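A short worksheet on the structure shown next.
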Amino acid sequence: MRGLFVVLEGPEGAGKTTLAATLAGWIRQCGLDPVVVREPGGTPAAEALRAELLESDRGFSPELELLYIAAARADLVAKVIGPGLAAGRVVLSDRFDLSTRAYQGAGRGLPAEMVEWVNRAATDGIRPDLTLVLDLPPEVGRARQLAAGKAGDRLDRETSEFHRRVWERYLAEQGPGVHHLDATQPEWAVAADARRILGAVRPDLFLRGEAPNASRRSPG
């Protein structure tokens with residue numbers, strides 16, 4: 001039986017990486033062994049592309065940026081995501097194809113038809129079963145990054161107008177399996193909302209390992 005593909009999406013500083021780690025631990029408590037990946041990245045080739053894309057100042061054109069992202073995604077899908085789902089496992093990804101629509105589509109202004117064609121080629125027809133979008137205004141996300149001492153990568157250093165376009169595209173996303181989470185909440189509350197959604201959608205997977213009151217805890 002095909003596994004479950006869960007994707008976390010959202011703008012910079014929304015807490016996707018933290019949520020991915022928290023959810024992965026909870027999924028393991030449910031007796032499962034999730035495949036946890038990030039984009040771009042997750043394979044040696046994709047990680048090399050990530051480093052070049054985010055850490056260099058080579059003056060990427062929007063089109064080249066799109067193709068770098070697609071190449072990294074295609075390798076990740078072929079070598080990790082696809083096999084994981086075929087083996088019946090839960091695959092948890094920090095970003096997937098919605099990020100391309102938000103960053104390279106809305107942010108860079110590339111034509112939607114181009115972005116969708118490249119996305120289809122890179123994903124081999126694989127679509128998320130659940131997409132959890134962390135909603136957070138870009139100025140709040142950047143403030144969080146600065147407070148945490150995060151050095152800005154090439155995308156972080158983009159203009160406030162760019163990041164607002166990205167955020168607005170995320171806010172507009174709707175459709176089957178898409179759920180928006182209020183990322184202005186404390187981390188524990190965002191994680192509780194995510195667990196509630198996963199448990200409601202697949203109680204056969206995610207409620208058997210749930211301890212009493214596990215969906216809520218004090219922030220202190």
Side-chain angles (χ1 to χ4, degrees), residues 3-42 50 54 73 76 80-81 84-85 89-103 127-150 153 155-156 163 166-167 169-171 173-175 177-203 205-207 209-211 213-220:
L4 184 72
F5 189 19
V6 180
V7 174
L8 308 180
E9 293 278 9
E12 307 301 323
K16 297 179 302 301
T17 302
T18 299
L19 180 59
T22 301
L23 284 181
W26 175 70
I27 292 169
R28 293 185 184 101
Q29 290 177 2
C30 293
L32 303 169
D33 182 21
V35 177
V36 184
V37 296
R38 68 173 182 175
E39 278 214 338
R50 177 190 181 93
L54 296 181
R73 179 170 299 139
L76 181 65
V80 182
I81 294 176
L85 293 174
R89 297 173 69 183
V90 176
V91 177
L92 178 63
S93 182
D94 180 345
R95 299 195 184 280
F96 198 58
D97 58 346
L98 177 55
S99 282
T100 310
R101 298 188 196 101
Y103 282 82
R127 300 284 297 160
D129 298 295
L130 283 175
T131 300
L132 305 182
V133 182
L134 278 65
D135 293 335
L136 189 76
E139 60 272 15
V140 178
R142 187 57 186 148
R144 285 181 177 180
Q145 291 179 319
L146 292 173
K150 180 181 184 294
D153 60 35
L155 288 178
D156 291 328
H163 287 291
V166 170
W167 174 56
R169 177 61 184 84
Y170 276 126
L171 287 178
E173 183 67 9
Q174 300 293 331
V178 176
H179 299 265
H180 288 261
L181 305 180
D182 179 3
T184 65
Q185 302 179 99
E187 291 174 359
W188 65 268
V190 176
D193 286 346
R195 289 194 300 266
R196 174 182 53 77
I197 292 168
L198 266 64
V201 171
R202 290 295 303 271
L205 292 178
F206 298 119
L207 293 187
E210 182 82 333
N213 299 319
S215 63
R216 296 186 59 84
R217 70 176 181 86
S218 166

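Small disclaimer: the values here were computed from a predicted structure and weren't measured.
Within the model, atoms CG of Asp193 and CG of Leu181 stand 6.0 Å from one another, a figure rounded to the nearest 0.5 Å. Here OG1 of Thr131 is found 9.0 Å from CG of Leu8. Values are rounded to the nearest 0.5 Å. Glu9 contributes atom CD, which lies 7.5 Å from atom OG of Ser93 (distance to the nearest 0.5 angstrom). Atom OG1 of Thr18 is separated from atom CH2 of Trp188 by 16.0 Å, given to the nearest 0.5 angstrom. In this structure, the separation between CZ on Phe206 and CD1 on Ile197 is 12.0 Å, given to the nearest 0.5 Å. For the atom pair Ile27 CD1 and Leu198 CG, the distance stands at 6.0 Å (nearest 0.5 Å).
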Legend entry - Residues Arg169, Arg101; criterion side-chain contact (heavy atoms from CB on, under 4.5 Å); working and verdict: CA-CA 8 Å; Arg169 177 61 184 84; Arg101 298 188 196 101; 3.5 Å; yes
Inset, instruction - Let me see the working for Phe96 and Leu98 under side-chain contact (heavy atoms from CB on, under 4.5 Å), right down to the final yes or no. - result: CA-CA 6 Å; Phe96 198 58; Leu98 177 55; over 6 Å; no
Inset, instruction - Given side-chain contact (heavy atoms from CB on, under 4.5 Å), test Asp182 with Asp135 step by step and report yes or no. - result: CA-CA 5 Å; Asp182 179 3; Asp135 293 335; 5.8 Å; no
Inset, instruction - Give the intermediate values and the outcome of side-chain contact (heavy atoms from CB on, under 4.5 Å) for residues His163 and Arg142. - result: CA-CA 10 Å; His163 287 291; Arg142 187 57 186 148; over 6 Å; no
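For the residue pair Pro137 and Thr184, the shortest heavy atom distance occurs at CD-CG2, 4.2 Å. Between Leu136 and Gly13, the closest heavy-atom pair is CD2-O, 3.4 Å. When all heavy atoms are compared, the tightest approach of Leu76 to Gly42 is CD1-CA, 3.7 Å. Closest approach of Ala14 to Ala183, counting heavy atoms only: O-CB, 3.7 Å. When all heavy atoms of Pro34 and Arg89 are compared, the closest pair comes out as O-NH2, 3.7 Å. The nearest pair of heavy atoms linking Leu130 to Val201 is CD2-CG2, 3.9 Å.
In this structure a side-chain-to-backbone donor-acceptor pair under 3.5 Å is present from His180 to Glu173. A donor-acceptor pair under 3.5 Å is absent between the side-chain atoms of Ser99 and the main chain of Arg95, judged by distance alone. In this structure, the side chain of Lys16 engages the main chain of Pro11 through a donor-acceptor pair within 3.5 Å. Of the possible donor and acceptor atoms, none in the side chain of Trp26 sits under 3.5 Å from a partner among the backbone N and O of Arg195. Not one N or O on the side chain of Arg50 forms a donor-acceptor pair closer than 3.5 Å with the backbone of Gly41.
Leu155 places a side-chain heavy atom less than 4.5 Å from the side chain of Leu54. When side chains are defined from C-beta on, Val35 does not count as touching Val90, because their heavy atoms never get closer than 4.5 Å. Here the side chains of Leu134 and Leu19 are in contact, with some heavy-atom distance below 4.5 Å. When side chains are defined from C-beta on, Leu92 counts as touching Leu23, because their heavy atoms get closer than 4.5 Å. The shortest distance between side-chain heavy atoms of Leu4 and Arg202 falls below 4.5 Å.
Salt-bridge formation is detected for the pair Arg127/Asp97: a Lys NZ or Arg NE/NH1/NH2 atom is positioned less than 4.0 Å from an Asp or Glu carboxylate oxygen.
Residues Arg73 and Thr100 bring a donor and an acceptor atom of their side chains to less than 3.5 Å of each other.
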